[in-house]
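For reference, the structure discussed in these notes is given below.
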There are 2 protein chains.
Amino acid sequence: MSATDAAEPAGAPAGGAGPADGAGGAAAGVAASVTGSVSPAGSVRAATMFDVARVAGVSHQTVSRVLNNLPGVRASTRVRVEQAMTELSYVPSPAARTLASRRSQTIGLIQAGRPDYGPSNAALAFNEAAHAANYTVTQAGMRDFDAASLRAAVQMMVRHNVEAIVLISGERQALDIIRGIERSVPLIAVSSEDVGGFHRVAMNQYEGARLAVEYLISIGHTDIAHVAGPADSMDATERVRAWSDTLAAHALPQRPAIIGDWQSTSGYAAGRAMIGARDPAHPLPTAVFVGNDQMALGVLHAFRDAGVRVPGEVSVMGFDDIPEAAHFAPPLSTMRQDFSGLGRDIMAVVLDVLVDEQKAGDRAGRVSEMVVRESTAPPRTGAARSAR
Amino acid sequence: MSATDAAEPAGAPAGGAGPADGAGGAAAGVAASVTGSVSPAGSVRAATMFDVARVAGVSHQTVSRVLNNLPGVRASTRVRVEQAMTELSYVPSPAARTLASRRSQTIGLIQAGRPDYGPSNAALAFNEAAHAANYTVTQAGMRDFDAASLRAAVQMMVRHNVEAIVLISGERQALDIIRGIERSVPLIAVSSEDVGGFHRVAMNQYEGARLAVEYLISIGHTDIAHVAGPADSMDATERVRAWSDTLAAHALPQRPAIIGDWQSTSGYAAGRAMIGARDPAHPLPTAVFVGNDQMALGVLHAFRDAGVRVPGEVSVMGFDDIPEAAHFAPPLSTMRQDFSGLGRDIMAVVLDVLVDEQKAGDRAGRVSEMVVRESTAPPRTGAARSAR
DNA sequence: TCGGGCTGTCCGAGGGTGTCG
DNA sequence: CCGACACCCTCGGACAGCCCG
């Protein structure tokens, strides 16, 4: 489909580098000039409301009314204007519209932190949804966020008259900073914590983590460790809470969670720490619930290095289900999160907010789905274990 | 003389708050509202050029001259104006500026394809570099790109007066489509192929791949297979070419490359295919050069499933050095690519282009750096091999 | 007295959006 | 219903006046 009509009137006749060969300038060209007026200089100027008005035989305000779907335009007139717009392939100027109305049909997207699988996919889906809803998105991404950068980004967006600012970042700190910045536009943030001051979109981290731990318990584990994401991550906090609560609900003992930074290397360190602490009195746990798949990979690596068999001696459960997880050694059991859905949810909330800021609700529904692969299994019985 | 009395006769507060009105009452009032004027309604209106002019005791043109760094402004005046701008924290209105000058200080970024590690990091670094250079970036991301979506994105950007369009996508097809779209702004694309019609930024894929294969040969391999990225990927094509050329340069035999889609699962399929095709007449290769780390993970998985030891029986080399690669089983030898550097390169080219479209050169310098870990080793000798 | 460097006034754009009549 | 008019905010060209050497 896409390939076929790629042939477009080959641009730049001058400067000489069109689609070199193949493209074959075939295409019936044309269409180019129908689009706008040609100034004496030869450059095409996009059609304006006035051009449309002239062609339709009305005033430019009427064109404006048609454009904004305002009442007070006879149907027949409306049609004439619409035809004129089509004929001239008229498109309103965003700059002029923004200047006059202070509305920009633009959403500001701030992405703070590493471009990991989750955030990247959510941002992409959000982007697609925004464009589908006819919004433009101006983006400010920053790996390291500090108050100054965040403030600069917000101010830049505000002066661009964005209609809403979306924050995709799991870091509590980024959210706190942005919440604190004086701004005149609504803020929609991905946040697992409901601290107020913004519109919230989230996945149900608590429930997802609970399901994971319940599963491990259901297959017989009673000593379940946890490798958590960074303390500043709201998602990590929720998962820790769910892990802890669930163990408590089953009256199971719990070890202190080991804190990582979402990266594999920290998972490796966590794995080594568990192994290093091992002694007759403190055996390895029989299962480890890891905060994300990347860290789980590191844990797997540490165990492999130490000759700890997974899931033979220890079961490992991840979180996220990144595409690679199915190919870890062993293939990782994990909780799948629908990041694309999250991205679409974000835009849905934005749209709600733009209609009525008061009535807009949050969206925190999506629950992860369990994917059982080969890194989890029932624990060996005491007998079998010592018989090793 | 202080700026305060520069003012024009205080106009009646009646007429609303346009630059047209007297803007009187300045005297003491100025200091009060440092940030902007307060309209009768109470909402703060951002300061305009006229406000700055009044405070600095000059005309708005002079402010404009200072703003645009035009000559013909006495140094002392310039300073006064700048102080006034600071005092009012004046920031020019992007919309008005764009409307009047047709320049927007905005770069359009089109990202086509999956948000993988490489593109995501390059895009992030580009974004940071753009903001550092005081440019705004409006983004259009699309997982699946077809001519229509791409065209829509370009048109949207053009009508927003972006000063350049950046395309981050390894897909030849996306590039071809965009090249073909009539547009009035320069296009800067990440592309490993120099087909003309746009400004090019790239990493030296050929050289990186050549180094990888040379390395395998240097440690004794003579039967080196290749698992390539999709045919539509320019990077993949370059790597295939380098692999093939290098084998030829050493007069080594070569197998047909197996095509994947960059994802682990396709790597797994490729691995199985190699194993399945094995028979006494067609033994496994002693080394596999894989197009990226994700697919290498899949290959490792397939080999593990089949009991093929890595690097004992087959060495595996990846490409990219994603953060997880160090934790694969075994830790993967690979070629590290500096995606952040690529992102910065993109912005550098954009800046060059904006200064002088003709003189701007391409940037295709960066070569990957080899990272040897545990998935590669010299092949076992024939004797040792059969002795297994 | 004259030539130049700074600045100010005076518009016309730029492409729309409101309100009023 | 629909047209007039004012306004959003900035750019930039035309032109004149001022100060200074």
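In what follows, chains carry the letters A, B, and so on, assigned in the order in which the sequence lines appear, proteins first and then strands, with residues in each chain numbered from 1.
Partners of B/S93 according to the side chain to side chain contact (heavy atoms under 4.5 Å, CB included) rule, which considers only residues two or more places apart in sequence or in another chain, are A/L99, B/A95, B/A96. Residues meeting the salt bridge (Lys or Arg N to Asp or Glu O under 4.0 Å) test with A/D176, sequence neighbours left out: A/R179. For B/R200, the side chain to side chain donor-acceptor pair (under 3.5 Å) test picks out no residue, with sequence neighbours left out. Contacts of A/H131 classified as ring pair (Phe, Tyr, Trp, His ring centres under 6.0 Å), with partners at least two apart in sequence or in another chain: none. For B/H60, there are no side chain to side chain donor-acceptor pair (under 3.5 Å) partners, not counting sequence neighbours. For the side chain to side chain donor-acceptor pair (under 3.5 Å) test, residues two or more places apart in sequence or in another chain that qualify with A/S149 are A/D146. When the side chain to side chain contact (heavy atoms under 4.5 Å, CB included) test is applied to B/A129, the partners found at least two apart in sequence or on another chain are B/M347.
If one axis is set at each end of the helix from C/dC2-D/dG21 to C/dG21-D/dC2 from five pairs, those axes are 40° apart, to 10°.
Sorted by first and then second residue, the side chain to side chain donor-acceptor pair (under 3.5 Å) pairs with a member in residues 70-83 of chain A form an empty list; sequence neighbours excluded. Sequence neighbours left out, the pairs with a member in residues 153-166 of chain A that pass side chain to side chain donor-acceptor pair (under 3.5 Å) are A/H160-B/T136.
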In B/S/- notation (B base, S sugar-phosphate only, - none; protein heavy atoms under 4.0 Å), nucleotides 15-21 of chain C written 5' to 3' is BBBBB--
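The two residues B/A164 and B/I188 come nearest to each other via the heavy atoms CB-CD1, 3.9 Å.
A/T62 has no side-chain polar atom (N or O) that falls below the 4.0 Å cut-off from OP1 or OP2 of D/dC1.
When rounded to the nearest whole Å, the span between CE of B/M85 and P of D/dT10 equals 11 Å.
Contacts between residues 73-83 of chain A and DNA chain D, counted as heavy-atom distances below 4.0 Å, involve A/V73, A/R74, A/T77.
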